[in-house]
Amino acid sequence: MKGKISIFLTALCLGLTGCITPPRGLENEQFSITSYKEITSQDLSCHCKNIRLGGKIVQTTILPHHTKIEVLSLPVSSLSGKPFVESQSDGRFIVYFDGFIDPENLKDRYITIGGQLISSEPGKIEQANYTYPVIKPNKYRLWTLSTNYYYPEDDWDDDWGFWRWRYQPRYIQPEIRYYLN
């Protein structure tokens with residue numbers, strides 16, 4: 001009986017692990033650079049590094065034959081390929097997509113990019129000068145931020161709790177949890 005239970009639990013764990021794989025083409029093993037902090041000046045001049053980065057889209061600019069996207073870089077999960085929403089930013093980078101992408105489709109979205117690190121581009125963030133790494137994408141995945149309200153369990157969950165709730169209402173502040181889907 002114990003053997004059957006352990007086999008069942010092992011199969012269940014393996015099955016659930018398959019549910020958190022990154023999108024096809026954005027697996028961690030394909031890329032030599034998987035973090036914004038790993039980018040060096042030699043990588044920018046090489047034009048030979050495959051890179052996977054992700055973050056929040058902060059600006060979209062339509063050019064004659066391209067769509068330029070500025071992304072606030074966030075760490076990316078090695079398991080799911082999703083950016084960590086509540087993490088601190090590492091920096092910013094630019095992605096050039098061929099053709100037209102409607103900026104409204106990208107507003108308030110998160111993205112994971114797999115592509116080639118091709119150069120750097122000078123720019124400004126408000127008054128400060130900034131050098132952006134530029135990525136030519138091969139694969140990408142857009143994510144939508146969703147909100148979940150979590151109510152912690154009540155410690156008074158017994159018969160007396162009914163009377164307390166009935167005569168002395170107490171309001172519990174929910175915890176707000178963000179996730180990407």
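Residues take their numbers from the sequence shown, with the count starting at 1.
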Quick one: pull up [atom1] in [X] and [atom2] in [Y] and give me the separation to the nearest 0.5 Å.
{"X": "Ile51", "Y": "Phe31", "atom1": "CD1", "atom2": "CZ", "value": "9.5 Å"}
{"X": "Arg52", "Y": "Ser35", "atom1": "CZ", "atom2": "OG", "value": "10.5 Å"}
{"X": "Lys82", "Y": "Ser77", "atom1": "NZ", "atom2": "OG", "value": "8.5 Å"}
{"X": "Ser119", "Y": "Tyr96", "atom1": "OG", "atom2": "OH", "value": "8.0 Å"}

Quick check: is [Y] connected to [X] through a chain of hydrophobic side chains (ILVMFWY, heavy atoms under 4.5 Å apart)?
{"X": "Val58", "Y": "Tyr178", "result": "no"}
{"X": "Ile135", "Y": "Ile57", "result": "yes"}
{"X": "Ile125", "Y": "Ile94", "result": "yes"}
{"X": "Val134", "Y": "Ile101", "result": "yes"}
{"X": "Ile113", "Y": "Leu74", "result": "no"}

Validation row: [X], [Y] side chains within 4.5 angstrom (heavy atoms):
{"X": "Ile62", "Y": "Phe100", "answer": "yes"}
{"X": "Ser87", "Y": "Pro75", "answer": "yes"}
{"X": "Pro83", "Y": "Leu180", "answer": "yes"}
{"X": "Ile69", "Y": "Leu106", "answer": "yes"}
{"X": "Ile33", "Y": "Ile39", "answer": "yes"}
{"X": "Phe84", "Y": "Val76", "answer": "no"}

Is there a donor-acceptor pair closer than 3.5 Å between any side-chain N or O of [X] and the backbone N or O of [Y]?
{"X": "Lys56", "Y": "Tyr110", "result": "no"}
{"X": "Thr67", "Y": "Gly99", "result": "yes"}
{"X": "Thr112", "Y": "Tyr140", "result": "no"}
{"X": "Ser45", "Y": "Gln42", "result": "yes"}
{"X": "Tyr130", "Y": "Arg92", "result": "yes"}
{"X": "Ser73", "Y": "Asp90", "result": "no"}

*Output all residues satisfying side chain to side chain donor-acceptor pair (under 3.5 Å) with Asn105, sequence neighbours left out; order by chain, then residue number.*
none
*asked:* Just to verify, what does Asp43 make a side chain to side chain donor-acceptor pair (under 3.5 Å) with, not counting sequence neighbours?
replied: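 Counting only residues at least two positions away or on another chain, Asp43 forms a side chain to side chain donor-acceptor pair (under 3.5 Å) with Thr40.
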*Starting from the C-alpha separation in whole Å, work towards a yes-or-no answer on side chain to side chain contact (heavy atoms under 4.5 Å, CB included) for Glu175 and Tyr149.*
CA-CA 6 Å; Glu175 295 176 16; Tyr149 297 96; over 6 Å; no
_For Tyr36 against Thr131, the heavy-atom pair lying closest together_ =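 Taking Tyr36 first and Thr131 second, the nearest heavy atoms are OH-O, 4.4 Å.
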*asked:* Under the criterion salt bridge (Lys or Arg N to Asp or Glu O under 4.0 Å), I'd like the reasoning laid out for Glu126 against Lys124: C-alpha separation, chi angles, the key distance, then a yes or no.
replied: CA-CA 6 Å; Glu126 294 189 20; Lys124 285 190 177 262; over 6 Å; no
Residues [X] and [Y]: side-chain donor-acceptor under 3.5 angstrom:
{"X": "Asp98", "Y": "His66", "result": "yes"}
{"X": "Ser146", "Y": "Asn181", "result": "yes"}
{"X": "Tyr132", "Y": "Glu70", "result": "yes"}

*Taking 4.0 angstrom as the limit, do Glu121 and Lys68 come out as a salt bridge?*
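Counted as a salt bridge, because a side-chain N and a carboxylate O are separated by less than 4.0 Å.
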*Please walk me through it: do Ile111 and Arg141 pass side chain to side chain contact (heavy atoms under 4.5 Å, CB included)?*
CA-CA 6 Å; Ile111 192 166; Arg141 171 69 156 86; over 6 Å; no
*Should we count NZ of Lys139 as having more than 12 external heavy atoms under 6.0 Å?*
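Open.
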_Let's go through Leu44 and Leu117 carefully: what are the C-alpha distance in whole Å and the side-chain angles of both, what is the deciding distance for side chain to side chain contact (heavy atoms under 4.5 Å, CB included) to 0.1 Å, and is it a yes or a no?_
CA-CA 7 Å; Leu44 294 172; Leu117 185 60; 3.9 Å; yes
*asked:* Assess the residue pair Tyr179 and Asn148 against the criterion (side chain to side chain contact (heavy atoms under 4.5 Å, CB included)); give the C-alpha distance rounded to whole Å, side-chain angles, the decisive distance to 0.1 Å, and a yes or no.
replied: CA-CA 8 Å; Tyr179 61 96; Asn148 186 14; 3.7 Å; yes
